[in-house]
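Note that ligands are numbered from 1 as they come in the structure, with each ligand's atoms numbered from 1 the same way. In what follows, every heavy atom counts, from backbone to side chain, and hydrogens, waters and symmetry copies are set aside.
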Amino acid sequence: MRSAIYYYSLEGNTQKIAEKIAEGTQRDVCRLVAQRSYPKNGLKYFFGGMDVVLKRTPKLEPLTKRPETFDLIVLATPVWADSYAPAIRSFLKEHNLSGKKIILVATTSGGDAGKCFKAMKASLGESEVVGEYTVKSPVAENEKEANAVVEKIRKRLNE
Ligand SMILES: Cc1cc2nc3c(=O)[nH]c(=O)nc-3n(C[C@H](O)[C@H](O)[C@H](O)COP(=O)(O)O)c2cc1C
């Protein structure tokens, strides 16, 4: 089964998890880069939250690999305003993942990712979600816990 990891990360935590999942494998890791910047300070919560609430779909940089070519996709996002990041909305709007198996991964600052997963599943349509995993940020301070979750995801990918 051909698999790949697609992720969005504003501050590097989700990126770290995506890279750990792929570490030592030939698996493709594709970063979603939105043509939309956010303030470095606390205002990012306001502007980012607004983009979520308004269901904005920022333009994405072109992808090197199309997700349509894979059977199993890990889709990783930071939780934003109890939902998923706008770049993921853009990705799901641009690509039809119907019929694919999907593993959802969310990094959070401690909040529950349940609503984020629910929102992602609603946007995924006919895809089959085969796993949901949450990792607490900052990943650098929760390395042990993060590695344990990553190990579970790697096992799931190899089943
Ligand atoms: C705009 C914005 C909204 C956020 N909303 C939430 C939230 O609702 N619940 C939560 O637990 N964390 C929230 N966070 C924290 C991020 O989910 C968390 O820090 C995540 O790991 C960041 O991932 P990144 O470093 O890959 O960008 C929010 C962060 C941002 C920037």
- Keeping the roles fixed (side chain from R154, backbone from E23), state whether a donor-acceptor pair exists under 3.5 Å. yes
- Mind jotting down which protein residues get a heavy-atom contact under 4.0 Å with ligand 1? Chain and number order, please. S9, L10, E11, G12, N13, T14, K44, Y45, G48, G49, P78, V79, W80, A81, D82, T107, T108, S109, G110, G111, S137
- Can I5 be reached from L32 by stepping across I, L, V, M, F, W or Y side chains whose heavy atoms are under 4.5 Å apart? no
- Item | Where K16 and V139 come nearest, the two heavy atoms and their spacing | CD-CG1, 4.0 Å
- Taking all heavy atoms of Y133 and all of F117, pick out the closest pair and write down the distance. O-CZ, 3.4 Å
- Got a sec, which residues hit side-chain hydrogen bond (donor to acceptor under 3.5 Å, both in side chains) with E143, two or more places apart in sequence or on another chain? K20
- Task: Measure across V79 and A113 and return the closest heavy-atom pair with its distance rounded to 0.1 Å.
- Result: CG2-CB, 4.0 Å
